[in-house]
Structures are given as structure tokens and as C-alpha cells.
Amino acid sequence: DHLLPSFPMRGNTTTKSTGDDDTTTTTTSMFQHGFDSFFPAMGWTCGNLSEGGIPLILGFDCFPVGMVSDDNLKAFCAAFGTTGSAPLFHMANITPEAMGDDRISEILLSSDGRRVEVT
């Protein structure tokens with residue numbers, strides 16, 4: 001089993017004109033608002049989708065440096081353990097068992113082709 005979350009990296013842009021040449025543009029992204037609930041929500045979702053298998057979760061290594069903190073991983077793990085019956089998961093290039101392309105390919109080959117993409 002492997003799960004591939006797809007993350008919207010773009011934000012919402014609002015442009016407001018306040019006069020002749022005074023224009024204000026504001027961009028907000030998912031990282032600025034409500035990100036605290038993202039890791040528990042993904043853990044809950046991945047746990048539900050794992051169906052007792054040990055999933056390889058791809059995509060979290062694409063976050064900016066420092067975004068996948070120990071606290072965020074703990075929140076993910078707690079939610080995963082609440083909904084999933086799998087004893088563990090692999091997270092590509094984050095958990096020790098899934099470091100490096102060779103090991104990730106090995107895990108993918110052993111997954112019997114089952115794939116769930118979370119978007």
C-alpha cells in the first residue's frame with residue numbers, strides 16, 4: 001500500500017485598488033492559515049485508507065524545510081493510530097525505513113500495485 005497526498009502549494013490572491021496607483025495584493029496560502037490541523041487530518045485520512053496494510057506515504061518531503069516538525073509528525077501519528085489498524089507507516093524521505101530512492105522503490109515494488117491518491 002502507498003498513499004500519495006497531493007498538496008495545493010498555491011494560495012489565494014486578492015487585489016484591491018485604493019486609488020489611481022495604489023494597489024494592494026495579498027496572497028495567503030494553506031501554510032499561513034489552519035496548517036495546525038493539516039497533519040492530524042492527513043493522519044486520520046491515511047489511517048482510514050491503509051486498510052491494515054503498512055502504507056508508504058509520499059509527498060511530505062516536498063514541504064519547505066522545517067514544516068514537517070516532530071510535533072507535526074506526532075500529530076499525524078496519533079491520528080493515524082486512531083483510525084488505522086496498521087502497526088506503522090513509512091513516510092518517504094522522512095521516516096528512517098523510507099530514506100532514499102532505492103528504499104522507496106523497494107517499498108513501492110512490494111505494494112502489489114495498490115495505490116490511493118489523496119488530493
Using a 3.5 Å cut-off and no angle test, enumerate the donor-acceptor pairs between side-chain atoms of residues 62-76 and protein atoms at least two apart in sequence or in another chain.
from	atom 1	to	atom 2	distance (Å)
S69	OG	N72	N	3.1
S69	OG	N72	ND2	3.4
N72	ND2	M67	O	2.7

Taking distance alone, no hydrogens or angles, what donor-acceptor pairs closer than 3.5 Å link side-chain atoms of residues 96-104 to residues at least two apart or in another chain?
from	atom 1	to	atom 2	distance (Å)
R103	NE	E97	O	3.0
R103	NH1	E106	OE2	2.7

Show, in sequence, the C-alpha distance, side-chain angles and deciding distance for F80 and W44, and conclude whether the side chain to side chain contact (heavy atoms under 4.5 Å, CB included) test is met.
CA-CA 5 Å; F80 180 89; W44 185 90; over 6 Å; no
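Residues T83 and G43 approach most closely at OG1-O, 4.0 Å, considering heavy atoms.
In this structure, the separation between CG on L56 and OG on S50 is 13.0 Å, given to the nearest 0.5 Å. Between the SG atom of C77 and the CE atom of M91 there is a distance of 7.0 Å, given to the nearest 0.5 Å.
At a threshold of 4.5 Å between non-hydrogen side-chain atoms, the residues P55 and L49 do not count as touching.
Every pair passing side-chain hydrogen bond (donor to acceptor under 3.5 Å, both in side chains) that includes a residue from residues 84-94 is listed here, sequence neighbours excluded: D61-N93.
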